[in-house]
Structure formats: C-alpha cells, structure tokens
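Everything on this sheet refers to the single structure shown next.
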Amino acid sequence: MFSLKGMNALVTGASGGIGSAIAIALAKQGARLALSGSNGQKLRVFREQLHEDHGGEHVEITCDLSNSEQVEELIPATLDTLGGIDILVNNAGITRDNLAMRMKDDEWDDVIRINLEAAFRLMRASARPMMKARFGRIINITSVVGATGNPGQMNYTAAKAGLTGMTKSFAQEVASRGITANCVAPGFIRTAMTAQLDEKQTDTINARIPAGKMGEGDDVGAACAYLASREAGYVTGQTLHVNGGMAMLS
Ligand code: NAP
C-alpha cells in the first residue's frame, strides 16, 4: 500500500528541515526525486546522504524561487532529468515576520513571491505533463497559521491561506484528468528553527498542543507519502492538518 514505485517527484526546499523528511518519505516509498533548493551545495550533500541511506538515483536541481525566470525553468529541467513528473511538492517557504504597521514592502513581497507565486508557477507548468499522463499529485505545504492567523505574520499567513484557495481551484480544474491537489498543514514541527527555542519557550508551546509535544518532519513526510499515492486518488482539494490537535479545523 502507498507504493510510489515508478513515480517521479519534484520537492522544493528539499534540503530543509521538513523538505528533507518529505523527500526521505517519498524515496522510501520508491519515488525517484528531483531535489530543489537555492543552495546547490546543501542539496548535493543531502542527495548523497539520501542515496547512502535509502538508495535511489535522485537528482538535484538548483533554483532560486524568488527569481521567476528560474522558476519557469524548474519543471522543464525536471522533465529533462527525470523524464516525467508525477508528484510536485511545493514545500519551500520563508518567513519575514513583522507587525503589520512595521512590515516593509520587501518583507511582504519576498514571502508572497517565494511561498505563493512560485507554487502557482510550478503548478501551472506541471499541469500539462500531468494532464497528458492523466495522473498527477500536487501537494502544497501550508501551515496551521494560514487557517488561524498569527500576529506578526500577515505576509506568511496570506501566502499560506492563498495556497489553500489556489489548491482548491486547481483541484477542481484538473480532477477529471486523474490529478489531485491537496495541502498538508503542519503545526509546530521540530526543525533547526524550533531547536533554537529555550526550554521555557518549548514548554509553553507544548502546553498548547493536546499531544503534548511538537511534531517531527516524519509526521509531515508520512502525510505527503499518503497524498502522493494512488490510493489517495479520490482525495482532492483538502487540507491534511498535522498538528497534534493544536487546532482542530474542518
Ligand atoms: P527550513 O528548514 O527553513 O527550509 C526551508 C527550505 O526552503 C530550504 O530547503 C530552503 O532551501 C528553501 N528555500 C528558502 N528560500 C528559497 C528560495 N529563494 N529558493 C528556493 N528554495 C528556497 O523550513 P522548514 O521548517 O523545513 O519549512 C518547510 C515548509 O514547512 C515551509 O513552507 C514552512 O512554511 C512550512 N511549515 C513549517 C513549520 C515548522 O514548524 N517548521 C510549521 C508549519 C509550516 P535553500 O536553503 O537551498 O534555499
């Protein structure tokens, strides 16, 4: 069940905390991966580690998602190197937090460009090969705060809520062609970023989570592996919340 053997997948932000866990989860299920990020060196180290730990002939494709020309080249480069694209995971994301009245235009622009616009461009470009193949899986990584809001994150929550709406529209456009589009919305996940929190901050966060602890990248990876699988073919336009019960959203 949930085998991804024979499938090609592009994962953006693949060397990051959550992206690497998603890549590992998909690779373990048998997918061949194009690992993307802006830092080629980080990607190469991760690809070599992935190969050593789990085998597979994966490739890395460097792409700065803030540069629309580079973004437009990413799906063609994936098709060239992998020969096709069955799964697209828009995982890369940044934060540029500030209270609304202090938020600079470039803090807004950067977050919208990388977190939202790049995902739109990649979905648009992958639609044609997926339609031709009459199969496709789009998975957009959003966030619990895209649904709940969060002070200091107008740019980030706008991008994440935008991704959710965009996913639903796309899902309706392509459902009859065997393509699904869904979101995975993590809550607090243990990554390099959350590792910097001190014990008191960690305790305060954990007290807000019914599960009593932060999630792991693997929890997000497993959700992606499911949504990428053939077995999830009748699930589309949905958001799978992976947050330990922190926010129970329908
Ligand atoms: P992370 O460790 O900071 O990783 C971010 C990834 O995005 C990196 O691989 C980075 O690759 C890539 N990236 C950043 N700017 C880029 C650019 N201009 N062009 C191409 N790639 C770029 O973050 P994370 O915690 O794993 O987050 C992954 C996703 O989960 C994000 O969408 C985030 O919003 C979401 N999320 C995270 C949490 C959490 O608790 N961590 C919670 C909810 C949602 P390079 O370094 O190569 O540029």
Side-chain angles (χ1 to χ4, degrees), residues 10-25 33-47 50 60-74 77-78 88-97 106-107 109-119 121-122 139-150 153 155-164 167 183-197 201-202 205-206 208-209 211 213-221 223-224 239-244 246-247 249:
L10 168 64
V11 180
T12 67
S15 59
I18 291 179
S20 56
I22 294 171
I24 291 167
L33 303 178
L35 308 161
S36 192
S38 70
N39 183 325
Q41 168 68 10
K42 257 168 61 181
L43 283 175
R44 193 171 55 77
V45 170
F46 175 62
R47 180 180 56 78
L50 185 64
E60 75 246 15
I61 306 177
T62 306
C63 173
D64 179 357
L65 295 177
S66 68
N67 178 324
S68 55
E69 282 166 21
Q70 287 188 30
V71 178
E72 291 297 341
E73 285 164 13
L74 183 53
T78 304
L88 164 65
V89 185
N90 283 308
N91 161 75
I94 60 162
T95 52
R96 297 280 183 271
D97 298 352
D106 61 354
E107 290 168 339
D109 290 344
D110 289 352
V111 168
I112 298 298
R113 197 171 303 126
I114 292 170
N115 295 16
L116 183 63
E117 187 185 317
R121 289 180 185 278
L122 296 178
I139 301 167
N140 292 325
I141 306 302
T142 57
S143 170
V144 63
V145 299
T148 62
N150 202 26
Q153 291 198 310
N155 48 2
Y156 184 77
T157 52
K160 295 301 189 185
L163 268 177
T164 308
T167 304
C183 296
V184 172
F188 279 102
I189 302 297
R190 274 195 331 137
T191 59
M193 194 176 72
T194 49
Q196 286 169 14
L197 299 170
Q201 289 169 314
T202 306
I205 289 168
N206 289 348
R208 287 172 54 202
I209 306 172
K213 59 177 186 181
M214 292 188 197
E216 303 292 332
D218 292 349
D219 295 317
V220 182
C224 292
T239 293
L240 185 44
H241 289 276
V242 180
N243 64 27
M246 183 184 151
L249 302 150

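Because the structure is a prediction, the values reported are computed rather than measured. Note that ligands are numbered from 1 as they come in the structure, with each ligand's atoms numbered from 1 the same way.
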Nearest non-hydrogen protein atom, [atom]:
atom                    : answer
atom 34 (O) of ligand 1 : Tyr156 OH, 2.4 Å
atom 21 (N) of ligand 1 : Ser38 N, 3.7 Å
atom 43 (C) of ligand 1 : Pro186 O, 3.4 Å
atom 13 (N) of ligand 1 : Ala92 CB, 4.1 Å
atom 26 (O) of ligand 1 : Ile18 N, 2.7 Å
atom 18 (N) of ligand 1 : Asp64 OD1, 2.9 Å
atom 10 (C) of ligand 1 : Gly13 CA, 4.3 Å
atom 42 (C) of ligand 1 : Gly187 O, 3.0 Å

Can you figure out which of Leu35, Asn91, Val184, Ile141 has its heavy atom closest to atom 31 (C) of ligand 1? Asn91

Main-chain N/O of Cys183 paired to Thr239 side chain as donor or acceptor, under 3.5 Å: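 No, Thr239 side chain to Cys183 backbone: no donor-acceptor pair under 3.5 Å.
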
Would you say Ser143 and ligand 1 have an N/O pair spaced under 3.5 Å apart?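 So ligand 1 has no N or O lying under 3.5 Å from an N or O of Ser143.
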
Is the shortest N/O to N/O distance between Phe188 and ligand 1 below 3.5 Å? no

Report, in ascending order of atom number, the atoms of ligand 1 lying under 4.0 Å from any heavy atom of [X].
X      : answer
Cys63  : 19 (N), 20 (C)
Lys42  : 45 (P), 46 (O)
Gly17  : 2 (O), 26 (O)
Thr191 : 25 (O), 41 (N)
Thr142 : 35 (C), 44 (C)
Ser15  : 9 (O), 47 (O)

Sub-4.0 Å protein heavy atom near atom 4 (O) of ligand 1: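 When distances to the protein are checked, atom 4 (O) of ligand 1 has a heavy atom within 4.0 Å.
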
Short check: is a protein heavy atom less than 4.0 Å from atom 7 (O) of ligand 1? yes

Below 4.0 Å, non-hydrogen atoms only: which portion of [X] touches ligand 1? Side chain, backbone, both or neither.
X      : result
Ala192 : neither
Ile114 : side chain
Ile94  : side chain
Leu65  : both

Which of these passes side-chain contact (heavy atoms from CB on, under 4.5 Å) with Thr62: Leu74, Leu43, Leu35? Leu43

Could you measure the distance from the CE atom of Met214 to the CG atom of Asn243? Nearest 0.5 Å is fine. 13.0 Å

When you measure from the heavy atoms of Gly217 to every atom of ligand 1, does any distance fall below 4.0 Å?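 Distance cut 4.0 Å: Gly217 fails for ligand 1.
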
Lys160 near ligand 1, heavy-atom distance under 4.0 Å? yes

Might you confirm whether atom CZ of Arg190 has over 12 heavy atoms from other residues, nucleotides or ligands at distances under 6.0 Å?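 Incorrect, the count does not exceed 12.
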
Mind listing the closest non-hydrogen atom pair of Ala119 and Asn115 along with its distance?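 Heavy atoms of Ala119 and Asn115 come nearest at CB-O, 4.1 Å.
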
